[in-house]
Structures are given as structure tokens and as C-alpha cells.
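Numbering of residues begins at 1 and proceeds along the displayed sequence. Order of appearance sets the numbers: ligands from 1, and atoms from 1 within every ligand.
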Amino acid sequence: GQDDAAGGDDEEAQEGAANTHVVASHYNELKEGGRRDRQKSKIFFMRNFNNWIKSMLINEYMALIKESKRVGDALRVLDMCCGKGGDLLKWEKAAITHIICTDIAEVSVEQCQRRYQDILERAEKSKYANKFTAEFFACDSTLVRLRERYKDVTLQLNLVSCQFAFHYCFESLGQADCMMRNAAECLEPGGYFIATMPDAYEIMRRKREAGPDAQSFGNDVYNIKFDCETDPLPLFGAKYQFHLEGVVDCPEFLVHFPTLVKLGRKYGLKLVRKTTFADYYKEALPQGRNLLQRMSGLESIQPQRCANDDQFAHVQEFQASQRGRPLGTLSKSEWEATTLYLVCAFKKYKNTWDA
Ligand code: SAM
């Protein structure tokens with residue numbers, strides 16, 4: 001079956017990896033806008049919302065890990081495809097002790113390292129801040145065995161996080177196998193691998209909804225255009241061009257979820273959660289309402305600074321309401337774009353046959 005076919009050494013991974021340099025140069029060339037630029041963005045609220053989802057997911061699994069630990073125990077994390085380090089503050093808040101940050105885009109890894117230095121400097125000045133050690137390197141997680149790049153090759157991790165990036169490995173079986181092994185092989189039994197990625201079922205549902213003649217589908221913030229045979233879809237290399245207003249414009253691949261689960265099992269990972277963003281929002285809202293309000297950034301933005309009427313209306317609506325309704329802050333287009341994604345979590349077992 002699938003398991004037997006998944007050989008997965010680095011050589012095999014390289015076969016068919018034709019798009020990784022396109023993805024790398026796309027992310028390398030992305031400009032880092034300041035907070036002001038971000039506030040003007042059409043997807044300002046969606047970015048904040050996605051950050052909230054990531055925070056809730058990280059907190060949920062860090063809490064489970066901490067249940068089995070004593071105060072003062074090491075908490076080590078791998079942030080695979082870390083980008084510019086948008087999650088560093090979340091790791092600081094989670095009181096981790098060590099992080100490994102890696103991404104294919106060198107420029108992003110440098111920015112991530114600078115962001116970490118800033119956090120450290122601030123921590124030096126404050127006696128309450130959590131100090132944690134870190135290592136950084138640029139590499140392709142779908143082609144390279146990450147462990148060989150760690151300062152300590154015997155390092156045991158408690159959590160591996162891959163946010164908005166795992167789907168890039170579904171270009172070929174070799175790449176998906178390599179990325180999954182990277183996620184799993186250094187995890188301590190009882191540790192977790194958590195991820196957010198596009199939901200292939202939802203993408204195909206919207207494609208069908210758009211009709212057989214539609215070349216592409218989406219709205220004013222996102223667009224998807226298929227670049228492969230879709231009837232039937234291939235298990236790997238189900239390529240589409242993804243455009244997200246001002247942030248993403250590059251080839252992506254559908255993740256065939258049953259195959260992802262099988263690959264996980266091969267490396268001792270058992271699926272413990274697969275939830276669409278729409279459902280995770282509902283589930284996490286009771287505990288996360290205050291955080292969402294703080295993260296939605298509405299306290300700091302003025303209606304006159306909004307980029308368009310849509311945002312203006314939403315800010316006004318928010319300000320007019322007494323309790324604040326988080327959903328009211330996202331435009332319909334942003335909500336449609338964010339609900340393309342799902343969260344998932346895998347637990348590491350000691351023996352592959354337990355997973
Ligand atoms: N995880 C970060 C976050 O949540 O802010 C960044 C997400 S960004 C949408 C996707 C990231 O995946 C980019 O930084 C990109 O460079 C990285 N990436 C894509 N393909 C990769 C690969 N083969 N190996 C390592 N990183 C990759």
C-alpha cells in the first residue's frame with residue numbers, strides 16, 4: 001500500500017521537486033510591511049484572526065504537554081517553515097525553553113532571527129519575560145533531513161509546529177515523506193505535531209460550486225486556479241496557483257488527507273484532531289474570546305485609517321456594539337478565505353504500530 005511505496009530518502013525526495021525554488025523566491029521577495037501597512041491591508045482582520053487560531057492551537061497542545069511535565073522541565077519546539085517568525089511571541093508566551101526555526105526562504109529566516117534578538121533584548125530588561133534559547137537555519141524541509149542540521153542531533157522535541165506550509169510538500173510522495181519524517185522523528189513519545197493547511201475538500205467543493213467552465217474561483221482577496229488534471233485528481237502534485245491579496249502568489253498542492261494520515265502513522269504519529277477553521281473558531285471561542293478581541297487590533301486602529309469601505313463599516317459596527325462580535329470584524333471575503341483552512345494535530349507514539 002501507500003506505506004510501502006513511501007521510501008523517502010533524500011534522493012527520492014528530490015525527484016519531482018520542481019516548484020520549491022519558485023515558492024522560496026516568492027517568500028524571499030515578500031516585503032516586510034510595518035504595522036501601518038498591515039492595517040491598510042484588505043486582509044488585516046483575517047491575518048489577526050489566523051494569528052488567533054494559531055495561538056489557540058499552540059496553547060491547547062502546549063497545555064497538554066505541560067500536564068505531563070514538572071515545572072522547570074525543558075520544553076523544546078521545532079517551528080518548521082517558520083517564515084519571518086510571526087509565532088515567536090506565541091512561543092515566548094508559552095514559556096518554552098528552546099526553539100529551532102527553519103524555513104526555505106533565507107531572507108525570512110534572517111528576519112526571524114532578528115525578531116528573536118529583539119525579544120531577547122526586551123526580556124533582558126524585564127524580570128518577568130521568559131528567556132528561551134534558539135537556533136536558526138534555512139533549508140528545504142521537503143528535501144533535507146532537518147535533524148542533521150540541529151546543534152544537538154540527539155535533541156528530543158516536545159512540539160513540532162508547521163503553520164500554513166505543510167501543503168507545499170504534497171508536490172511528490174518523496175517530499176511528503178521527507179517532511180513528515182522531519183515532523184516526527186525527533187518528537188518525544190507523548191509530544192505533538194500541530195499544523196494548519198488548506199482543506200482540499202473545501203477547495204474542491206468551491207471548485208464544483210464555481211461550475212465546470214470556471215477557469216478559476218475566489219473573491220476579491222483570494223483566487224485559486226488549477227494547474228493540473230482534476231478529474232481524477234492525482235494524490236501528489238495536485239497543483240493550483242494560489243493568490244492571497246498582497247501575501248501569497250505561488251503554486252500550492254492539495255493535501256490528500258488520508259495519505260497524510262498514513263504517512264504520519266509510518267512515523268509513529270496518530271491523528272488526534274482534524275478541524276476546519278470554521279469549526280475550530282466555534283470550539284475555541286468560549287476560552288479565546290478576550291484574546292481574539294485583543295488580537296483583532298481594533299483598539300489601536302482608527303476608522304479613518306481603514307483601506308476600504310468594507311473595513312470602515314466593520315470597524316464602525318464593532319465600535320457601535322457593546323460586547324464586540326469577533327466575526328463582525330472580518331469582511332465576507334476574508335471569512336471565505338480563512339475558512340479554506342483546517343487545523344490538525346498528531347500525537348507521537350513510542351512504537352509505529354501504536355499510532
Ligand atoms: N509559518 C509561518 C507563519 O505562520 O507565519 C509562515 C507561513 S507562509 C504562508 C509559508 C512558509 O512556508 C513560507 O515562509 C515559505 O518560505 C515556507 N516554505 C514553503 N515551502 C517550504 C519548504 N519546502 N521548506 C521549508 N519552508 C518552506
**Student:** Minimum heavy-atom separation for M62 and L75, please, with both atom names.
**Tutor:**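 Distance-wise, the nearest heavy atoms are CE-CD1, 4.0 Å.
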**Student:** Show me the donor-acceptor pairs within less than 3.5 Å that the side chains of residues 239-248 make with the rest of the protein, sequence neighbours left out.
**Tutor:**
| residue | atom | partner | partner atom | Å |
| --- | --- | --- | --- | --- |
| K239 | NZ | N19 | OD1 | 3.0 |
| Y240 | OH | E252 | OE1 | 3.1 |
| H243 | ND1 | D249 | OD2 | 3.3 |

**Student:** Indicate the atoms forming the closest heavy-atom contact of L146 with N182, along with that distance.
**Tutor:**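 Heavy-atom minimum between the residues: N-OD1, 2.9 Å.
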**Student:** Anything with a heavy atom under 4.0 Å from ligand 1 counts, so go ahead and list those protein residues by chain and number.
**Tutor:**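 Residues V23, Y27, K54, C81, C82, G83, D103, I104, A105, C139, D140, S141, T142, Q163, F164, A165, Y168 each place a heavy atom under 4.0 Å from ligand 1, listed by chain and number.
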**Student:** Looking at residues at least two apart in the chain, or sitting in another chain, which of them share a salt bridge (Lys or Arg N to Asp or Glu O under 4.0 Å) with E110?
**Tutor:**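 Expected list: none.
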**Student:** Quick test of your reading: applying ring pair (Phe, Tyr, Trp, His ring centres under 6.0 Å), list the pairs with at least one residue in residues 55-95, sequence neighbours left out, ordered by first then second residue.
**Tutor:**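 Pairs touching residues 55-95 that pass the test: Y61-Y192.
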**Student:** Counting the benzene-type ring for Trp, do Y341 and F164 have ring centres under 6.0 Å apart?
**Tutor:**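 That pair passes the under 6.0 Å test.
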